Amino acid sequence: MSAPAAPRRTTGLGRVLVALYAVFAIAAVSRAAVQIAERFSEAPLAYALSAFAGLVYVVATLGLGRTGPRWRRAAWVACSVELLGVLVVGTLSLADARAFPDSTVWSGYGSGYGFVPLVLPVLGLVYLRSEARAARAGR
């Protein structure tokens with residue numbers, strides 16, 4: 001008897017999540033690279049956080065797009081870190097605007113990006129949870 005096939009996450013909602021995360025990865029990494037190269041001294045915290053967010057989006061993209069327990073774990077960690085980052089940075093950016101003279105992807109809970117950075121990790125975590133349940137049920 002052969003081992004069960006690893007679940008495929010690149011169909012349906014999984015494919016949409018991978019595409020959204022890939023867009024955000026490219027956008028955040030590109031934006032941070034330009035900001036850091038051209039004017040890092042103006043807002044080092046904001047620009048470093050944008051770079052960190054970009055790396056989180058890259059890991060989430062790979063974790064959601066690949067199969068296997070390591071990638072699944074990477075996706076869980078990335079989506080969890082992203083949600084925590086959006087909540088913490090969002091709150092801090094509203095509480096102390098002087099600390100964030102320029103916005104990040106996560107500033108104002110992602111308001112500059114239509115709040116997608118706030119919703120995306122929730123969708124990712126819900127999707128990963130439903131996938132884990134389906135795998136346990138043998139589907």
Side-chain angles (χ1 to χ4, degrees):
M1 188 176 278
S2 64
R8 183 171 164 86
R9 284 183 287 214
T10 54
T11 61
L13 179 58
R15 184 170 289 173
V16 172
L17 287 171
V18 169
L20 285 170
Y21 270 109
V23 167
F24 270 80
I26 293 166
V29 168
S30 300
R31 177 183 180 181
V34 169
Q35 290 170 326
I36 289 170
E38 292 182 356
R39 49 187 199 277
F40 183 73
S41 62
E42 293 176 18
L45 177 61
Y47 301 153
L49 283 170
S50 286
F52 178 72
L55 293 176
V56 170
Y57 290 133
V58 168
V59 172
T61 302
L62 294 172
L64 288 165
R66 308 259 177 146
T67 58
R70 287 184 184 164
W71 288 113
R72 186 174 305 115
R73 194 171 16 257
W76 274 104
V77 169
C79 290
S80 299
V81 167
E82 179 192 3
L83 181 58
L84 181 63
V86 170
L87 294 173
V88 170
V89 173
T91 301
L92 292 175
S93 66
L94 295 175
D96 185 10
R98 289 177 289 142
F100 295 90
D102 200 356
S103 64
T104 73
V105 176
W106 295 340
S107 295
Y109 306 108
S111 61
Y113 293 85
F115 297 100
V116 173
L118 180 61
V119 175
L120 197 55
V122 173
L123 289 176
L125 291 168
V126 167
Y127 177 74
L128 288 166
R129 184 173 179 192
S130 69
E131 179 187 68
R133 283 184 176 171
R136 281 193 300 274
R139 291 185 249 158

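The chain is numbered in sequence order, starting from 1. Keep in mind the model is a prediction, meaning the values are calculated, not measured.
- Put simply, Val122 and Val56 are part of the same group of oily side chains (I, L, V, M, F, W, Y) that touch within less than 4.5 Å, one to the next.
- A heavy-atom distance below 4.5 Å is not found between the side chains of Arg66 and Arg72.
- Taking 4.5 Å as the limit, every side-chain heavy atom of Val89 sits out of range of all side-chain heavy atoms of Val105.
- Linking Ile, Leu, Val, Met, Phe, Trp and Tyr whenever their side-chain heavy atoms come within less than 4.5 Å puts Val119 and Val16 in one cluster.
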task = Would you check, one step at a time, whether the test side chain to side chain contact (heavy atoms under 4.5 Å, CB included) holds for Leu123 with Leu13?
result = CA-CA 9 Å; Leu123 289 176; Leu13 179 58; 5.6 Å; no
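- A search for side-chain hydrogen bond (donor to acceptor under 3.5 Å, both in side chains) contacts involving Ser107 returns Thr104, not counting sequence neighbours.
- Leu55 places none of its side-chain heavy atoms less than 4.5 Å from the side chain of Val59.
- The line from OH of Tyr127 to CG of Leu17 is 7.5 Å long, rounded to the nearest 0.5 Å.
- Between the CG atom in Leu94 and the OG atom in Ser111 there is a gap of 7.5 Å [rounded to 0.5 Å].
- Listed by chain and number, the residues in a side-chain contact (heavy atoms from CB on, under 4.5 Å) with Leu45 are Leu49, Phe100 (sequence neighbours excluded).
- Taking Tyr109 as the reference, nothing meets the ring pair (Phe, Tyr, Trp, His ring centres under 6.0 Å) condition, with sequence neighbours excluded.
- Other residues, nucleotides and ligands contribute more than 12 heavy atoms inside 6.0 Å of the CZ atom of Arg39.
- In this structure, Leu62 CG and Arg70 CZ are separated by 14.5 Å, a value rounded to the nearest 0.5 Å.
- At a threshold of 4.5 Å between side-chain heavy atoms, the hydrophobic network of Ile, Leu, Val, Met, Phe, Trp and Tyr places Leu125 and Val77 in one connected group.
- For the ring pair (Phe, Tyr, Trp, His ring centres under 6.0 Å) condition, no pair includes a residue of residues 73-97, sequence neighbours left out.
- Counting only distance, with no hydrogens or angles, the side chain of Ser30 and the backbone of Ala27 share no donor-acceptor pair below 3.5 Å.
- Rounded to the nearest 0.5 angstrom, Thr61 OG1 and Leu20 CG are separated by 9.5 Å.
- Heavy atoms only, all atoms of each residue included: Cys79 and Pro121 are closest at O-CB, 3.4 Å.
- When every heavy atom of Trp106 is checked against every heavy atom of Pro117, the shortest pair comes out as CD1-CB, 4.0 Å.
- Taking the side-chain hydrogen bond (donor to acceptor under 3.5 Å, both in side chains) definition, one finds that Ser93 meets it with nothing, sequence neighbours left out.
- Listed by first and then second residue, the ring pair (Phe, Tyr, Trp, His ring centres under 6.0 Å) pairs involving residues 14-56 are Tyr21-Tyr57, Phe24-Tyr57, Phe24-Tyr113 (not counting sequence neighbours).
- The CG atom of Leu128 sits 12.5 Å away from atom CZ of Arg133, with the distance rounded to the nearest 0.5 Å.
- Distance check: Leu84 CG to Glu82 CD gives 11.0 Å after rounding to the nearest 0.5 Å.
- When every heavy atom of Ala75 is checked against every heavy atom of Gly63, the shortest pair comes out as CB-C, 3.6 Å.
- In this structure the side chain of Gln35 reaches within 4.5 angstrom of the side chain of Ser50, judged on heavy atoms.
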